[in-house]
Amino acid sequence: MREFLTTERIDPAKRLVVERTKDFGEIYEIFNFSDASTQSDRCIQCGDPFCLNKCPLHNYIPQWLKSIAEKDLEFAFKLSNEPSPFPEVMGRICPHDRLCEGDCTLNDGHGAITIGSIETHITEAGFKAGLTPDFPGVTSDKKVAVIGSGPAGLSVATYLLRSGLGVTMYEKADRAGGLLTYGIPSFKLDKKIVERRVELLLDAGMKLVLNCEIGKDKPFEEIANEHDAMFIGVGATKAKSAGLSGENAPNVYRAMDYLTNIQRKNFKENYDKKFDFKDKNVVVVGGGDTAMDCLRTAKREGAKSVTCLYRRDEHNMPGSKKEYRNAVEEGVDFTFLASPKEIILDENGKAIAVEYVRTTLGAKGADGRQQMEEIKGSEARANADVVIMSLGFDPVVPSFLAENGIETNSWGGIILNDETHETSTAGIYAGGDCFRGADLVVTAAFDGREAARSIAESLLE
């Protein structure tokens with residue numbers, strides 16, 4: 001270990017831009033064993049590892065880095081899969097620069113360990129070698145219902161099954177995975193990766209009910225009566241509104257509607273043809289990872305031009321730095337310090353441009369971010385054939401929550417006991433974006449894991 005003085009940080013190779021923008025294949029190659037081992041050998045094995053502490057799951061990062069450096073794949077695989085329900089997913093999509101790698105000690109002059117890429121390597125190499133996560137089989141007569149098959153739902157199901165509890169998962173879509181399947185493009189996360197994890201859970205004894213919206217296709221109360229506990233992980237899919245004039249024009253779209261329909265198209269399923277943006281000028285409003293996903297998707301769909309409007313500068317973008325860099329490489333145009341004020345419509349009521357005003361950043365506010373100030377007389381326009389609004393998401397509040405005494409806060413988030421993840425109704429738990437608001441996949445996975453722990457303690461005591 002501690003080879004950081006003689007070995008530089010390297011990132012996994014990326015497919016050439018001219019190739020990768022022609023399809024939706026993943027852009028990053030997976031480390032081979034030699035590169036993963038060499039990069040792991042750079043770790044200095046901190047006494048108080050900041051990487052582990054910054055990870056919401058508190059993954060055993062130094063330990064599996066050491067194992068890979070010592071070429072012990074089997075032990076690294078077990079260590080990686082113990083606190084994380086799907087490490088090969090996290091290794092691909094986590095904003096490592098803001099989490100584990102961002103707090104790596106070697107960031108100060110030497111370059112952080114490529115933790116995410118090594119994490120992906122461990123599980124992919126492990127699966128290739130025939131390793132699989134341990135599941136004991138369903139050993140209890142207690143049954144738990146999981147509503148929603150996104151990151152939180154898959155996580156809670158993983159740890160409930162590891163405890164020997166029976167699990168039935170209900171998903172309103174025609175495929176499991178939630179955000180992992182329909183919200184994150186395949187160039188970041190190949191859908192076969194998600195399908196493989198779902199298959200592992202099915203093999204472990206989980207039952208999966210698709211095309212079933214609770215409260216519509218099956219009563220919530222019926223499920224509650226059939227199970228000993230429940231977990232709600234319905235996410236946050238209600239798009240936030242900017243409140244702009246013209247925002248409801250027919251060619252102004254919500255980010256998740258666009259991403260979902262293009263993924264359905266890639267699955268060769270029915271989708272809304274209005275989302276075909278070939279040869280069109282596309283403007284995306286927003287600066288997070290979902291906005292980057294929309295921008296990069298539009299490039300692959302053959303848009304004539306793709307422009308991002310963001311009211312702050314690139315250093316203040318809320319998303320991952322690597323996603324911004326990838327978007328720039330792929331030809332996306334960025335207009336920073338531009339605050340949209342109105343969507344301009346033609347005589348037929350269709351959007352033809354976004355009017356914005358230039359901004360400047362001043363002193364830091366209470367949240368630690370520089371305050372945005374508009375510059376008078378700096379109005380400008382970005383011409384557009386279609387506009388995609390990507391301003392974040394709020395939870396959709398199903399009627400069955402209030403009907404069953406499940407309390408929510410002022411913005412629709414489910415109120416939980418911080419220690420147990422139990423809602424205000426005994427025996428019903430929740431986690432993920434329906435509790436936090438739109439957040440990271442890794443925090444949803446954490447909620448599912450901790451809720452499963454509480455459920456298991458309650459049912460198996």
Pairs satisfying ring pair (Phe, Tyr, Trp, His ring centres under 6.0 Å), at least one member in residues 43-94, at least two apart: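 Residue pairs with at least one partner in residues 43-94: Phe77-Phe127.
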
Pairs flagged by ring pair (Phe, Tyr, Trp, His ring centres under 6.0 Å) wherever residues 288-324 is involved - sequence neighbours left out: Tyr324-Phe334, Tyr324-Phe336

With a 3.5 Å distance limit and no angle check, can you tell me whether [X] reaches the backbone of [Y] through a side-chain donor-acceptor pair?
X	Y	value
Asp23	Gly25	yes
Asn107	Gly102	yes
Arg197	Pro85	yes
Glu247	Ala242	yes
Ser84	Ser80	no
Ser320	Pro95	no
Asn261	Asp257	yes
Ser378	Ile375	yes
Asp439	Thr443	no
Asn251	Ala351	yes

Candidate pair Tyr429 and Thr423, rule side chain to side chain contact (heavy atoms under 4.5 Å, CB included), full reasoning: CA-CA 5 Å; Tyr429 301 76; Thr423 70; 5.6 Å; no

Reference residue Glu301; test salt bridge (charged side-chain N to carboxylate O under 4.0 Å, His left out); the match among Lys280, Lys278, Lys265, Arg296: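 Of the listed options, the one satisfying the test is Lys265.
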
Determine whether the side chains of [X] and [Y] contain a donor N or O and an acceptor N or O closer than 3.5 Å.
X	Y	result
Asp385	Asn281	yes
Thr7	Gln39	no
Tyr271	Asp276	yes
Asn266	Lys191	no

NZ or CZ of Arg162 within 45° of Tyr159 ring axis and under 6.0 Å: yes

Salt bridge check: are [X] and [Y] linked by an N-O gap of less than 4.0 Å?
X	Y	value
Glu124	Arg196	yes
Glu314	Lys321	no
Glu195	Arg175	yes
Glu355	Lys341	no
Arg15	Glu29	no
Glu199	Lys192	no
Asp11	Lys322	no
Arg9	Glu101	yes
Glu119	Arg92	no

Please give me the minimum heavy-atom distance between [X] and [Y], naming the atom from each residue.
X	Y	result
Arg42	His110	NH2-O, 3.0 Å
Asp447	Gly432	OD2-N, 2.9 Å
Ile118	Ala36	CD1-O, 4.1 Å
Leu57	Arg449	O-NH1, 2.9 Å
Leu202	Met206	CD2-O, 3.3 Å
Ala204	Val138	O-CG2, 4.0 Å

Intermediate values then yes/no, side chain to side chain contact (heavy atoms under 4.5 Å, CB included), Lys240 and Met389: CA-CA 9 Å; Lys240 290 185 177 181; Met389 306 300 289; over 6 Å; no

Interatomic distance, Leu65 atom CG to Glu70 atom CD [nearest 0.5 angstrom]: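 Here the interatomic distance stands at 11.0 Å.
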
Thr114 OG1 to Phe31 CZ distance, which is reported to the nearest 0.5 Å: 4.0 Å

Partners passing ring pair (Phe, Tyr, Trp, His ring centres under 6.0 Å) against Tyr253 (at least two apart in sequence or in another chain):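 Expected list: Phe275, Phe277.
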
Sequence neighbours excluded - side chain to side chain donor-acceptor pair (under 3.5 Å) pairs with any residue from residues 284-295: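 Sorted result for residues 284-295: Lys188-Asp293.
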
Side chain to side chain contact (heavy atoms under 4.5 Å, CB included) between Leu361 and Gln371, intermediate numbers included: CA-CA 6 Å; Leu361 300 178; Gln371 297 297 293; over 6 Å; no

Side chains of residues 177-187: which donor-acceptor partners sit under 3.5 Å, not counting sequence neighbours?
residue: Thr181; atom: OG1; partner: Ala176; partner atom: O; Å: 2.6
residue: Tyr182; atom: OH; partner: Asp174; partner atom: OD1; Å: 2.6
residue: Ser186; atom: OG; partner: Gln263; partner atom: OE1; Å: 3.3

Which residues share a salt bridge (Lys or Arg N to Asp or Glu O under 4.0 Å) with Glu342, sequence neighbours left out: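 Salt bridge (Lys or Arg N to Asp or Glu O under 4.0 Å) list for Glu342, sorted by chain: empty.
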
Heavy atoms of other groups near Lys268 NZ, more than 12 under 6.0 Å: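 Incorrect, the count does not exceed 12.
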
Within 6.0 Å of NZ in Lys172, more than 12 heavy atoms from elsewhere: no

4.5 Å side-chain heavy-atom contact, Ile68 and Leu73: yes

Val146/Tyr170 under side chain to side chain contact (heavy atoms under 4.5 Å, CB included): CA gap, chis, key distance, verdict: CA-CA 6 Å; Val146 175; Tyr170 297 89; over 6 Å; no

